[in-house]
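Just so it is clear, the values below take in all heavy atoms, side chains as well, and ignore hydrogens, waters and symmetry mates. Only a predicted model underlies this, so the values are computations on that prediction, with no experimental measurement involved. Ligands are counted one by one from 1 in listed order, and the atoms in each one are counted from 1 as well.
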Amino acid sequence: MPAAERSRQRPILIAVDGPAASGKGTIARELARHFGLPHLDTGMLYRAVALTMFRFGGDPGSEFEAVRACDGVAQVDPSDAELRSEAVGSIASRISAYPGVRAALLDRQRHFAAQAWGAVLDGRDIGTVIAPDATVKLFVTASPEVRAQRRVRELLERGMPAHLEDVLVDIRARDARDSGREAAPLALAEDAELLDTSEMDIDQAIAAAIALAEEKLAGH
Ligand code: CDP
């Protein structure tokens with residue numbers, strides 16, 4: 001039975017994890033479209049906390065202040081261009097290491113994942129912490145160099161300044177922080193499918209992700 005039809009009978013929960021600029025956001029969005037499911041980019045929650053601190057003050061070095069900023073998440077406009085800036089991404093990467101921040105954002109994510117038809121969530125710890133019982137788990141990655149090139153292209157397209165060397169340094173630092181932190185580190189869940197997109201363009205990566213998900217659902 002095609003997976004899209006199955007979705008009407010049983011919820012389909014898809015977890016997409018991976019490092020910065022791996023393409024996981026686009027892949028998750030397209031999976032959501034393909035299966036007719038709602039999609040949550042969980043990185044935006046951490047970015048919303050970061051933007052609140054960036055705008056209204058707050059020391060990213062203080063867990064207490066970062067947790068307090070979590071109260072402002074609902075007030076952030078999701079279309080605010082600054083959410084996507086490197087400055088905000090960098091603060092997001094720092095404050096997301098705090099267990100208090102992760103705890104404050106947990107219910108919102110679990111609630112989204114519990115919708116009747118299912119959902120697609122992308123982030124760092126979806127398959128490991130937020131939705132360990134997800135039907136499909138994908139871990140999307142690519143080499144740091146390829147990811148840096150993609151991020152530069154994306155930033156330039158948005159009219160934001162970007163230099164390859166700086167972005168590469170930032171991506172490596174972000175990788176080290178995301179993978180090395182104690183609270184919910186970026187890690188490949190043992191039942192996740194690895195999708196390395198280094199040699200793929202985005203259309204190939206989307207097609208590969210849909211194929212992996214369909215395959216997993218067929219055997220479910
Ligand atoms: O697009 P990019 O990967 O650069 O960033 P993002 O997915 O928007 O996430 C921003 C930051 O939030 C990342 O550097 C992660 O440290 C953090 N994050 C997290 O810790 N857990 C998640 N589920 C999602 C994002």
Side-chain angles (χ1 to χ4, degrees), residues 14-29 39-54 60 63 66-67 69-70 73 76 78-113 119-132 134 137-142 144 146-155 157-158 160 162 166-189 192 197 202 205:
I14 303 181
V16 183
D17 289 305
S22 56
K24 64 183 182 313
T26 307
I27 287 173
R29 206 169 47 241
H39 167 226
L40 179 65
D41 170 358
T42 64
M44 286 310 247
L45 299 176
Y46 293 90
R47 285 175 180 266
V49 176
L51 182 61
T52 303
M53 300 188 85
F54 186 65
E63 178 166 2
V67 170
C70 292
V73 164
V76 174
S79 64
D80 193 317
E82 194 130 42
L83 276 171
R84 289 263 162 221
S85 72
E86 285 302 276
V88 166
S90 181
I91 298 172
S93 165
R94 289 180 65 191
I95 56 96
S96 64
Y98 296 132
V101 168
R102 306 202 74 85
L105 300 177
L106 185 77
D107 278 356
R108 200 181 284 265
Q109 297 174 76
R110 290 246 169 99
H111 189 72
F112 193 91
V120 181
L121 285 85
D122 77 86
R124 300 292 192 288
D125 63 340
I126 309 304
T128 50
V129 175
I130 303 297
K137 295 183 188 179
L138 298 182
F139 191 92
V140 182
T141 190
V146 167
R147 289 187 281 126
Q149 282 163 6
R150 289 180 187 162
R151 182 49 53 92
V152 165
R153 209 180 319 132
E154 183 191 327
L155 288 167
E157 276 168 15
R158 293 203 165 124
M160 290 179 173
D166 297 347
V167 171
L168 183 56
V169 167
D170 183 65
I171 278 194
R172 287 192 198 280
R174 199 103 63 94
D175 283 357
R177 262 201 306 265
D178 288 352
S179 306
R181 70 183 176 215
E182 266 178 36
L186 172 68
L188 180 68
T197 67
I202 193 63

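- With Arg102 contributing its side chain and Ser96 its backbone, the two residues share a donor-acceptor pair below 3.5 Å.
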For residues 19-27, please give each side-chain donor-acceptor pair under 3.5 Å, one per line with the distance, not counting sequence neighbours.
unit_1: Ser22; atom_1: OG; unit_2: Pro19; atom_2: O; d: 2.9
unit_1: Ser22; atom_1: OG; unit_2: Val140; atom_2: O; d: 3.3

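- Rounding to the nearest 0.5 angstrom, the gap separating the CG atom in Asp125 from the CG atom in Asp17 is 6.5 Å.
- Every protein residue with a heavy atom nearer than 4.0 Å to ligand 1 is included here: Ala20, Ala21, Lys24, Thr42, Gly43, Tyr46, Arg47, Ala92, Ser93, Ser96, Arg102, Gly123, Arg124, Asp125, Arg151, Arg174, Asp178, Arg181.
- Under the side-chain contact (heavy atoms from CB on, under 4.5 Å) test applied with Thr52, the options Ile95, Val88, Ile91, Val76 reduce to a single match, Val76.
- Taking Arg108 as the reference, nothing meets the salt bridge (Lys or Arg N to Asp or Glu O under 4.0 Å) condition, with sequence neighbours excluded.
- With sequence neighbours left out, Ala92 forms a side chain to side chain contact (heavy atoms under 4.5 Å, CB included) with Tyr46, Arg47, Ala50.
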